[in-house]
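Heads up: the structure comes next, in structure tokens.
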Amino acid sequence: MEPGAERPRRTLPLGDDPGQFAARRVGLFAVIIGLVNSRILALALSLAALLGGVQAQEGSGGDDLEVIRGRVLADLLAQDAGAAAGFLEKIDGGGRFSDLDYAEVSPAHLSRVEILCVAYRRPEHALHGKGELREGILLALDRWLADDPRHSNWWVNEVAVPRALARVIFLLDGEHPAQTSRRADRVLGRAWPAPLVGGSGQAANLFYRVETALLASLARRDREALASVVARAAEEIRVVMGEGLQADRSFHQHGPQFYSGSYGLEYARVAANLAVLVRGTGLELPAEKIELLTGFVVDGLGWITCGRAIDPGAQGRNFSRKHAWTDGDSVAAIARTLARLDTPRRGELESLAARIAGGVAPPGEPQGNRAFWRSDFVVHRRPGWYASVKAASSRTKGTESGNGEGLLQYHMGDGACFLFRDGTEYADIQPAWDWRLVPGTTCRQGEGRLPLVDWGYGARGGARFAGGVSDGTYGAAAMVLDRGGVRARKSWFFFDDEYVCLGSGIASGENGAVRTAVEQRRARGPVRLSGGSLETDRRILEIPAWVHQDGVGYVLLRPGSTGAGAAGASSAVVQVAEARGDWHEINRRYASEEVSASLFSIWFDHGVRPRGASYAYIVRPGIEAGELHDYAAAPPVRVLASTPDLAAVRHEGLGLVEVAFFEPGEVAAWDDLRLSADSPCLVLLRRSGEELVLSAANPAYSWPFREPFRLVLTLGEREPLVLSLEDGRTTTVSLNLSGG
């Protein structure tokens with residue numbers, strides 16, 4: 001932002017978690033100073049300044065409170081105060097800024113007062129220590145406190161405004177009258193009731209309050225309150241069954257809702273900044289808390305980030321915000337912050353930050369497969385590409401809307417499958433999207449608006465069966481879809497170079513055609529087809545067929561083409577079209593602004609009121625169009641079964657069979673080995689000679705968990721193998737088949 005320019009009002013927090021904009025802020029204590037996106041450069045400078053301050057304070061033997069105060073002050077004073085003179089001139093006789101619209105309750109007034117305070121305290125600033133500046137600061141501050149405006153959104157009243165006020169009070173350092181202090185205390189108490197030792201809220205919402213309480217205790221030099229705030233924050237860094245950090249390193253907010261990519265970001269941001277702020281003092285966070293936090297960043301946030309992009313399936317309603325695809329920058333900032341600590345995983349944190357800073361998805365860590373079993377979410381990573389599946393069960397919610405955001409995200413938990421190669425594939429195209437063609441989903445088409453899922457109401461899946469199985473290298477996901485008038489059995493099987501998507505039992509008793517979306521992303525480069533090139537904006541393909549676009553091959557399968565029992569639709573549609581939409585239609589925080597984008601789409605059309613429809617296709621990232629013809633003619637994967645009861649695929653080269661038992665059943669894994677299960681489950685079988693590694697998971701578990709899930713697997717004529725699966729996580733066993 002240019003000196004003297006005003007912060008765009010559109011960055012004002014308006015949602016239950018408006019601080020998601022703050023997730024793109026960098027700087028060691030941006031958590032406290034609450035700077036907006038347009039000041040990233042200044043924040044980077046702030047980080048350097050604060051780190052210098054930290055080094056100067058460490059080892060000084062001074063009082064812990066003063067050490068922490070010095071670190072905070074160094075950060076706050078590193079802000080760009082070039083606009084201070086202009087702001088001072090705009091204060092009218094009543095203490096208001098003449099160019100601000102006070103009809104909307106906004107902390108913008110207090111943010112300007114903060115900049116004036118920075119100028120007053122910074123020795124090298126031209127206004128440093130000026131009496132007229134101090135008078136202007138107190139006049140504007142008293143005006144706000146006297147008016148005490150209230151917003152209709154609790155978040156503004158209890159988080160945004162107190163946090164902004166706390167920065168001002170800290171910078172004034174007692175240079176304000178007692179009456180001002182009493183009024184300020186009333187506002188600050190809304191964030192964390194006096195004497196700032198109780199706290200309220202859960203997970204990320206609690207941590208928002210920590211920001212205010214921490215600064216307020218420092219401003220008052222209240223050691224007891226400071227210790228209590230830090231202790232309460234440390235207590236929240238824990239694995240929980242409710243809202244917060246989960247056992248699988250995913251993050252829930254607003255109930256059992258996967259929110260790592262927005263609320264989880266804020267949680268990690270506050271916690272990381274706090275950990276660095278108090279390091280080396282008597283309030284230092286315990287090592288186990290740092291280990292847990294680092295694990296969430298590396299094994300949670302790091303896994304859902306590709307290039308600068310965070311997986312849309314992990315962002316919740318944040319995906320409906322502008323530039324949401326760059327939120328990976330926040331992961332990098334958090335990783336850099338934690339890397340300042342003496343943690344055994346510092347190298348991994350530095351590697352994660354460097355990978356994101358590169359802006360692409362280069363070869364490197366992490367690679368493999370991870371099933372976030374508490375969130376019904378599966379990630380598969382290979383050098384050069386990333387894919388994921390977001391499902392929802394009766395245990396979990398899909399994606400919510402709320403406060404006018406995420407208005408069209410009804411189907412984001414219905415098997416959304418995103419494929420990234422560089423992280424920009426879906427960048428800022430959300431207004432132009434057809435939200436009934438979310439990649440990977442099967443849903444009913446229509447002309448009206450999609451149902452709202454305000455605060456997750458109506459966002460749960462319609463069946464218990466949803467989730468994944470993973471051995472760390474390979475994995476599968478599956479779900480029973482029963483939502484929006486459509487039922488289906490859907491599965492995804494991941495390998496080294498490709499993944500296979502199967503659907504069966506697709507049915508609907510309501511009007512409206514049912515479609516399965518294979519892809520919908522930015523059109524980049526020509527579209528090559530098995531029958532030539534796409535010469536018009538749309539073409540109906542007879543199955544089998546293949547499509548190539550932007551370095552990705554899509555092999556559309558027909559019934560029986562890849563093995564007995566394989567089932568696929570008879571035709572599909574491929575399209576490249578200019579689409580238009582309005583940001584206001586998906587997120588009310590924005591004024592009307594039309595967006596156009598050229599979109600590449602593939603979908604299967606199952607017709608109106610289908611009964612028993614199906615589909616089957618392979619996605620092969622990183623293949624040239626000239627190679628795809630031969631690949632499609634003899635793919636290395638074979639569909640063993642695709643029915644409403646059973647889906648199974650074998651990769652011939654890897655010696656790997658992946659199975660989704662939607663019902664008890666049996667499948668011929670190899671000619672000499674059959675696999676049967678007495679309960680619904682997901683299974684991986686990796687075979688090398690007589691060695692067999694079996695991984696299994698129960699995607700139909702109940703929560704809270706009550707009793708072990710007993711799974712009986714039979715391999716040929718051998719004694720049945722009985723596994724006790726306590727929840728949705730994967731259990732792996734190794735077997736030797738040579739002994740019979």
Side-chain angles (χ1 to χ4, degrees), residues 7-18 20-21 23-24 36-38 101 103-104 106 152-153 261-262 308-313 315-327 398-414 416 418 423-439 441 443-456 458-459 484 512-513 515 517 519-524 537-538 575-601 603:
R7 303 177 191 179
R9 190 170 300 134
R10 65 179 176 79
T11 61
L12 168 69
L14 294 178
D16 175 74
D17 179 274
Q20 293 308 316
F21 274 106
R24 293 191 285 274
V36 297
N37 299 335
S38 56
D101 179 8
E104 178 182 18
S106 162
S152 59
N153 189 326
S262 53
R308 297 177 65 195
I310 289 180
D311 193 308
Q315 289 185 297
R317 68 182 192 276
N318 197 54
F319 183 51
S320 70
R321 299 178 182 178
K322 294 180 180 180
H323 313 309
W325 71 275
T326 65
D327 280 356
T399 296
E400 69 180 5
S401 54
N403 280 335
E405 296 189 294
L407 298 179
L408 301 180
Q409 294 182 228
Y410 180 81
H411 289 296
M412 285 290 286
D414 294 348
F418 290 97
T424 66
E425 286 81 358
Y426 309 95
D428 286 339
I429 63 174
Q430 301 96 308
W433 241 23
D434 182 342
W435 288 85
R436 288 182 172 87
L437 286 178
V438 175
T441 63
C443 69
R444 190 164 50 90
Q445 308 301 296
E447 297 297 328
R449 289 185 66 85
L450 288 166
L452 286 178
V453 279
D454 263 355
W455 311 118
R515 294 176 177 175
E519 188 57 276
Q520 185 185 194
R521 65 191 339 183
R522 285 191 178 275
R524 299 193 289 204
D537 63 348
R538 177 184 292 196
Q575 173 180 284
V576 173
E578 194 73 14
R580 297 183 180 276
D582 193 319
W583 278 107
H584 185 71
E585 292 302 307
I586 66 171
N587 193 322
R588 297 301 191 213
R589 72 162 53 197
Y590 302 120
S592 181
E593 179 184 348
E594 188 174 84
V595 170
S596 64
S598 180
L599 300 183
F600 163 74
S601 306
W603 69 83

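Fair warning: this is a prediction, and the values are worked out from it, not measured in the lab.
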Worksheet item: What residues, two or more places apart in sequence or in another chain, satisfy side chain to side chain donor-acceptor pair (under 3.5 Å) together with Tyr426?
Response: Glu519
Distance from [X] atom [atom1] to [Y] atom [atom2], nearest 0.5 Å?
X      : Y      : atom1 : atom2 : value
Ile429 : Arg521 : CD1   : CZ    : 9.0 Å
Thr326 : Asp428 : OG1   : CG    : 8.0 Å
Asp454 : Arg317 : CG    : CZ    : 9.5 Å
His323 : Arg308 : NE2   : CZ    : 10.0 Å
Gln575 : Ser601 : CD    : OG    : 5.5 Å
Arg321 : Ile586 : CZ    : CD1   : 11.5 Å

Practice prompt. Report the C-alpha separation of Trp325 and Thr424 in whole Å, then their side-chain angles, then the decisive distance to 0.1 Å, and conclude whether the side-chain contact (heavy atoms from CB on, under 4.5 Å) test is met.
Written response: CA-CA 7 Å; Trp325 71 275; Thr424 66; 3.8 Å; yes
Nearest heavy-atom neighbours spanning [X] and [Y]:
X      : Y      : result
Thr399 : Gln409 : CG2-NE2, 3.1 Å
Tyr410 : Gly458 : CE1-O, 4.4 Å
Ala309 : Gly423 : CB-O, 3.2 Å

Determine yes or no for a side-chain-to-main-chain donor-acceptor pair under 3.5 angstrom, with [X] supplying the side chain and [Y] the backbone.
X      : Y      : value
Ser401 : Leu407 : no
Trp435 : Gln430 : yes
Glu594 : Arg580 : no
Trp433 : Leu599 : no
Ser262 : Gln315 : yes

Any [X] side-chain heavy atom under 4.5 Å of [Y] side chain:
X      : Y      : result
Ser598 : Val576 : yes
Asn403 : Trp455 : yes
Arg515 : Cys443 : no
Leu450 : Arg436 : yes
Phe319 : Met412 : yes
Asp414 : Val438 : no
Gln520 : Asp434 : yes
Asn318 : Asp327 : yes

Discussion item. Can you list everything that forms a ring-ring contact (aromatic ring centres under 6.0 Å, His included) with Trp583? Sequence neighbours excluded, please.
Written reply: Tyr590
Worksheet item: Listed by chain and number, what are the salt bridge (charged side-chain N to carboxylate O under 4.0 Å, His left out) partners of Arg444, not counting sequence neighbours?
Response: Glu510
Fill in: Between Ser320 and Arg589: side-chain donor-acceptor atoms closer than 3.5 Å
no
Discussion item. Under a 4.0 Å threshold between the charged nitrogen and the carboxylate oxygen, would Glu405 count as salt-bridged to Arg588?
Written reply: no
Worksheet item: Would Arg522 and Glu425 pass as an ion pair if we require N to O under 4.0 Å?
Response: no
